[in-house]
Amino acid sequence: MEGTGFLIESSNTPSWKGPIRIIKSNSWHHTGLPKSLDHVTKCTVQTLLKFQQAWCSDHFPGEPVPVCDHPVCEEPLPDVKRRLPCLSLTPLLWVLSLVIKENRSAPAPPLPLVRMLFSPPCVLTHTQSQAPCFTTPDAIALYSGTDNSGAEVQSAAGPEEQIPAWGSQRGLPQPLPRLPPFCPHRIPEAEMSGLVLLAALLLLDGAILSSRATVVNSCSSTAEHLCNFVCYCSDCSDENQCGYLGVSTVLGTPFTCDFEEGDCGWQDVSTTAYRWVRGQASLDKWGTGLHSDHTVGTDRGWFMVTVSPPAKATATAWLRSPVMQDVAATCEIWASYHLSGSRLNQTACPTLRLTMASRDKVVELWQSPQHGAEGWHQLVAYTGRITEQFQLTFALTQPPACGAVLALDDIVFRNCGLQTPAPGQQVCGAEESRCSQGSYLAPNRFCDGTDDCGDSSDETAQHCQNFNNCSFENGFCNWVEAGQMTWERNTSMKLGDTYGIPTRDHSTNSAAGYFLHISSASAAGSSSTASLSISIISSNSSCYLVLYCHLHGSATNSLSISYMTNSTEQLVRQRTGDTGNCWVRERVDFNVTESFKVLIKGVARSGGTVAIDDLILSPGCTPHLDPSPTALPRQDRASTCMAGEFTCDDGSCISSELACDFAKTCTDGSDEKLCGATTFEEGDGGWHDVSVGRLRWAIQRATEPGAIALAGAGAFLALQEGEGQMVAPAKARTPLLGPSGLACSMEMSYHIQSGPQGFLAVSVVDHTTGMSHLAWHVRGHGSMAWGHVHILLGERARPFQVELLGLVDLQDQADAAIDNVTFVQCDPNVVPPGATELSCNFETGLCGWYQDQASDFQWVHSTGQGQGSDHTTGSGYFLAANPSAPWSRGQRAQLITYDQEPAATPRCLTFWYRLAGPQIGTLNLKLQLEGAEETVLWTQRGTQGSLWHRGLATLPATGQKRYRLAFEALRDGFVGDAALDDLLVTEGTCGAELSCSFEADTCGLTGSTQPTWLRQSNSTGTIAGPSADHTTGTAAGHYMVVSTSKGSLPMGHKATLTSAPYQPSAPAQCLAFWYQLSTGDPGSLSILVEDSGVLRKLFSMSTMEGDTWHRSQATVQADGDWKAIFEVVGAGGDHGYIALDDLHVSDGACPEPVSCDFELDMCGWSSPVDEHLHSFAWGWKSGVPLAKYPGPEQDHTLGTKNGHYVHFDTRVLGAGGTTAQLESQHLPATADSCLRFWYHMDIPEHLSDGELRVRLQSASGQRTAWTMAGHSSRGWQNGTVPVQSPSEFQIIFEITTRIWPMEGTVALDDIEYSTTGGCDSSPDTQGKEKSSRGFVAEVVLSILLVIIILVLAVASGWYLLKRRGQGSRMSAESSTPQGFDNITFRDDKVIISPVQKERDED
């Protein structure tokens, strides 16, 4: 079905006896509908048919239902909900706002459009005896019949002229789609409409998106104006489906493809099963591959990804763009790509290439580095000037059995269009010259070898006849080689595709063009040097040299330009570093009045390449052929150091790895001199400019003419005009640094005076992984003062570089500079003060805890940010790991310590933590001993509510070994947060843990010697046990288990598991746990409590239904410290086991099973771990308002903000998972039980297509026992559900939606489950409101009612006494009113018991 749409056509007979016919159509790619309609899946078509059939059957039993005889309908589908929602006016308008979501402030549509959308297809004037009304077009027009320009608008609503104008202005499909009713019968007005059904179809296909992606060329631009990076249509639709969109509605950037709205025209052209597809990440593959896109950073974003990697032979997957044309020389292609795979660090695979094909010419623009770590990387490629049509291709080549997966996202084309000024809008700057097409250029941009004008008028032979240009196409011209090493003249075609080699020359922008280059051996530290010179006759006019250089493959490459007079060399310009696979324009001026020689020297190091092309001498330079060889200046001192060594100033040699490692190794400290720490008074301090654009970093002094006027500044590094041809930020880098310690930071003074578009930034370039991390940035502002910043670099392996980026408009009197750069606490072998302080409340800092810079996302020093307050004071600081932050891309955030001194005795680490949100994941505390693998000391998985919980872990004695600690947050999704506060280290071991999942250790529980309890998982266990634990629901999860087979535990023998002492913190405590008994005869499990040396059995069990986890609980009332003992007695069976998991001790007596007011814990209610549900978990919180986790501001139990309840935010439901469940423990079979609960819904009416359900699940399946449609807030409401089940079952609360996105919250409180009396023992009060405000009012009314009743009772008694006469004698007791004895308060009702009849005394 790729590239093919479907039309649904019905017969036009009133009775609709015939079937629906589904007809293939190839016309949808011309429509204004969302692009995803071009790929309607079988599931969508079949599901829509199911809806048709179900709706007809439900509403008109006995009527004919539509059938399908097309092959697309042959495959069976699971049952769907037998009800199609009838959307009202509000949700439809909301759907419209999504379709046009790029203009969220759009006014409401005109009334004629509303009437058209909701009017039935015909006016129902027939009586019941007449034929049903059914008129429809012969086919449903889901495509446009215009000339593909979208200019013609047809209205299906009649002559109202408002409709086309309103729709076309907002990108609505034209004509507006009209679908027939589902059934040949009367349909209430506004119940069905064409656009509603279209919206349902789009939702089923997961694609209510902006129509901008598929509105192509709405203004009928000519072919030469399409896909040329210039918008001719007002909506830029002439630049859609060009390999990019005119504007990305998600990123807001022009000429961008983020794949959120389709493939932007990119096509897979692979010739094998190894291919590209558009896809999304899967949360089911955490830790094994890609788990989010790059655009939105979640599993809901889209990208292109390779599938079916080769197993036996090398294969290439090809992804080709549409045809583009006419690109400026400044064009840059930016893209993000993600590598994943288990063998990335073992082999150099795969290789990603970006190539450009034009006519019969193919040029490689970019190639991925030979080694790359897992994660997101950035690609930057440069096209050069292209005057014809071309296509781009991403080619991923992978050897067999490599198994790597590559995803591509966020392709952005920057500065690619040739902007021609409109007539009358030309602005000519000072000393600028005019291009033929009307724009203006600075004089130094003419005759420089680059088509800057766009029409080549700046490079004509007439203008440039006096320039001396050597393109090396026919030799070396007048340039001669000097020195022993020589420049090699060659072409990319002959050199091959070795990384670092230019892939084309500059002169012809092709692989067949010539250039000069020098390459080094691949060994680290090796280098090659070559020199080129030319003699210049003295001249009084200006003499300058323009050349194009290419430095790639090594961060230590260099190119220098100098001149020599009388054997004296004067350096004019030097470049160092890696500028990428790009030819960079450079210009140098020679202010020399005598004859001189120009000397160009290249040094290629460590596998890098230096190349030059297009050496252009200005007319003021008169070269002449000097037959004598150029004598290079002698070195002051010949170095005796070997390759790979650094020469100290005193002549000694050290390993180059020891230079710039933040520790002085040379006796004179010269190895740390030029490493980036500098005041710039004596030079650049090791910083080198690697800019490729029209800005560069250079040292400036306050005394220089035109320098930045800064108070107190001497020399500093400032932004200046550069000579590059690109429009890009200026970049400067340090030498290769590292390794560094955890506390390593860079401090500097900075200044920026610019508009908000200007910025300064510092990033860290990691050469081991090939990734760059933004460490700090600041936007432009108008201040003239110097600022000071402390930038954390953290622990990093060698080599890495610090990169400084800057962008300002120098023509707008803007400027930027840095000064006084220092590196603080960077030596990894020097532990800074305070690094051993592990106790911390985070009020003033992080104490001895540090960010792990290798993490995917970071812990943030926070005061709340919508997820709650701190634990220390309620208004202070804590640490939060927020996986939903925009910069969060991966799975892990780590907080780590320096190496700690060996510990002779155990210590206890107590901390407070919070795990909140429906997809937060896991919080671990890990220990890494010196020279050993890390171990998990404590772990907690899944949401624990928006509340602080106490955790504790015993830090073991480490003998003579140093150790590190780390808190690690692992996310399961993208909605949630983890938090830490109030860490405290004390001497001695910790007491018994109140909660234990056995994921880290046994939590202090000890087993009897023989046989013994074992902590194991099913995947690593040595004895039989449950297939999955209860905590994680996976085979990797841990539990405690004992074998009860007669070989391990003979009949009558016992195996005990004893806890550490628990301290009574309340008069009664509840011990809860989950257990599993194998089938057959596993023996018995008893729970005993040891209190003051006295053993007391609480209960025991020996059988259970099904091979599942069950929950049990017991109330403990102890006078002092007490222990829990789990005792297993063997029954002599051949096979068997008994397992325990998830022990929890809480204050207060245990409630009845399932019953819960959620004040202390969740009472065993939990969200299932189900990959199909994406592990959406219900939350647990109080009524305190939290911006990130909305919910009722009062619970039902207490009616205050301090009360607690469970809740779910429906915003997380979507295309990836539309159901969230809360399930109870397993319950025994019942014939007449009752479930009562209070629920609170707050879902906007226009987003109310969801339900809260109560389902009963047993071995025989599931059934729905109660439902409530989503609605806006009506306060707390009561629900009552009769419960019957012939076998063991679970109660499940389920939130579900059929339309996404959904918005709003659902909360539950005061769940009560009773097994006696059924639901008849209490009146059904379902639907009665019980808000906290209403509760107060009802109490007041109840009191008033009681007073009225008392008054009436007194009055009635007085009246009766009066009628019986004064002579009647009654005892004082019988004549005295009984007060409130006959009135019972129950919940919010007042029940008056019947008054007994009065009897005469005997």
Flag if over 12 foreign heavy atoms under 6.0 Å of CD, Glu488: yes
Determine whether the side chains of [X] and [Y] contain a donor N or O and an acceptor N or O closer than 3.5 Å.
{"X": "Glu803", "Y": "Ser763", "answer": "yes"}
{"X": "Ser562", "Y": "Glu569", "answer": "yes"}
{"X": "Ser368", "Y": "Tyr499", "answer": "no"}
{"X": "Asp689", "Y": "Ser691", "answer": "yes"}
{"X": "Asp614", "Y": "Ser471", "answer": "no"}

Would you indicate whether the side-chain heavy atoms of [Y] and [X] approach each other to under 4.5 Å?
{"X": "Asp497", "Y": "Arg353", "result": "yes"}
{"X": "Trp487", "Y": "Trp479", "result": "no"}
{"X": "Thr330", "Y": "Arg694", "result": "yes"}
{"X": "Phe716", "Y": "Ile818", "result": "no"}
{"X": "His517", "Y": "Leu495", "result": "yes"}
{"X": "Phe680", "Y": "Asp819", "result": "yes"}
{"X": "Cys470", "Y": "Phe476", "result": "no"}
{"X": "Asp505", "Y": "Ser510", "result": "yes"}

Just how far is it from atom [atom1] of [X] to atom [atom2] of [Y], taken to the nearest 0.5 Å?
{"X": "Phe472", "Y": "His506", "atom1": "CZ", "atom2": "NE2", "answer": "13.0 Å"}
{"X": "Arg445", "Y": "Cys435", "atom1": "CZ", "atom2": "SG", "answer": "12.0 Å"}
{"X": "Leu695", "Y": "Glu723", "atom1": "CG", "atom2": "CD", "answer": "11.5 Å"}
{"X": "Asp451", "Y": "Ser456", "atom1": "CG", "atom2": "OG", "answer": "3.5 Å"}
{"X": "Cys477", "Y": "Asn469", "atom1": "SG", "atom2": "CG", "answer": "7.5 Å"}
{"X": "Cys666", "Y": "Asp649", "atom1": "SG", "atom2": "CG", "answer": "7.5 Å"}

Aromatic ring pairing His463/Phe446, orientation class (parallel under 30°, perpendicular over 60°, tilted between): tilted
Between [X] (side chain) and [Y] (backbone), is there a donor-acceptor pair under 3.5 Å?
{"X": "Glu432", "Y": "Pro443", "value": "no"}
{"X": "Glu459", "Y": "Asp448", "value": "yes"}
{"X": "Ser554", "Y": "Gly608", "value": "no"}
{"X": "Arg696", "Y": "Glu721", "value": "yes"}
{"X": "His767", "Y": "Phe800", "value": "no"}
{"X": "Ser558", "Y": "Arg575", "value": "no"}
{"X": "Glu645", "Y": "Ile654", "value": "no"}
{"X": "Asn415", "Y": "Val727", "value": "yes"}
{"X": "Thr579", "Y": "Leu551", "value": "yes"}
{"X": "Ser492", "Y": "Arg504", "value": "yes"}

Taking all non-hydrogen atoms of both residues into account, name the closest pair between [X] and [Y] and its distance.
{"X": "Glu388", "Y": "Ser358", "result": "OE2-OG, 2.6 Å"}
{"X": "Arg385", "Y": "Gly454", "result": "NH2-O, 2.5 Å"}
{"X": "Leu719", "Y": "Leu810", "result": "O-CD2, 4.1 Å"}
{"X": "Thr556", "Y": "Arg605", "result": "O-NH1, 2.8 Å"}
{"X": "Met748", "Y": "Val821", "result": "CB-CG2, 4.0 Å"}
{"X": "Phe662", "Y": "Gly738", "result": "CE1-N, 3.8 Å"}

Stepwise side-chain hydrogen bond (donor to acceptor under 3.5 Å, both in side chains) test for Ser652 and Asp650: CA-CA 6 Å; Ser652 60; Asp650 61 6; 2.7 Å; yes
Stepwise side chain to side chain contact (heavy atoms under 4.5 Å, CB included) test for Leu559 and Ile612: CA-CA 9 Å; Leu559 179 73; Ile612 54 176; 4.1 Å; yes
Ring centroid separation Tyr544 to Phe590 under 6.0 Å: no
Output field: ring centroids Phe515/Trp583 closer than 6.0 Å: yes
Ring-face cation of Arg414 near Trp334 (centre distance under 6.0 Å, axis angle within 45°): yes
Cationic tip of Arg489 above Tyr514 ring, under 6.0 Å, 45° of axis: yes
Intermediate values then yes/no, side chain to side chain contact (heavy atoms under 4.5 Å, CB included), Leu354 and Ile333: CA-CA 10 Å; Leu354 174 61; Ile333 304 173; 4.2 Å; yes
Option from Thr503, Asn581, Asp613 for which side chain to side chain donor-acceptor pair (under 3.5 Å) with His550 holds: Asn581
Partner of Leu545 by side chain to side chain contact (heavy atoms under 4.5 Å, CB included), out of Ile616, Val572, Ile600: Ile600
Check against salt bridge (Lys or Arg N to Asp or Glu O under 4.0 Å), Lys673 and Asp671: CA-CA 6 Å; Lys673 266 187 179 180; Asp671 56 319; over 6 Å; no
Candidate pair Arg573 and Glu586, rule salt bridge (Lys or Arg N to Asp or Glu O under 4.0 Å), full reasoning: CA-CA 9 Å; Arg573 184 68 49 83; Glu586 190 61 84; 2.6 Å; yes
Worked check of salt bridge (Lys or Arg N to Asp or Glu O under 4.0 Å) between Arg798 and Asp661: CA-CA 8 Å; Arg798 183 183 180 88; Asp661 65 347; over 6 Å; no
Asp684 and Trp697: CA distance, side-chain angles, deciding distance, side chain to side chain contact (heavy atoms under 4.5 Å, CB included) verdict: CA-CA 10 Å; Asp684 57 24; Trp697 289 100; over 6 Å; no
side-chain hydrogen bond (donor to acceptor under 3.5 Å, both in side chains) evaluation trace for Thr450 with Asp452: CA-CA 6 Å; Thr450 296; Asp452 297 293; 5.1 Å; no
Gamma sulfurs of Cys653 and Cys648 within less than 2.5 Å: no
Test log, rule salt bridge (Lys or Arg N to Asp or Glu O under 4.0 Å), inputs Arg701 and Glu681: CA-CA 9 Å; Arg701 298 186 181 276; Glu681 300 299 327; 3.7 Å; yes
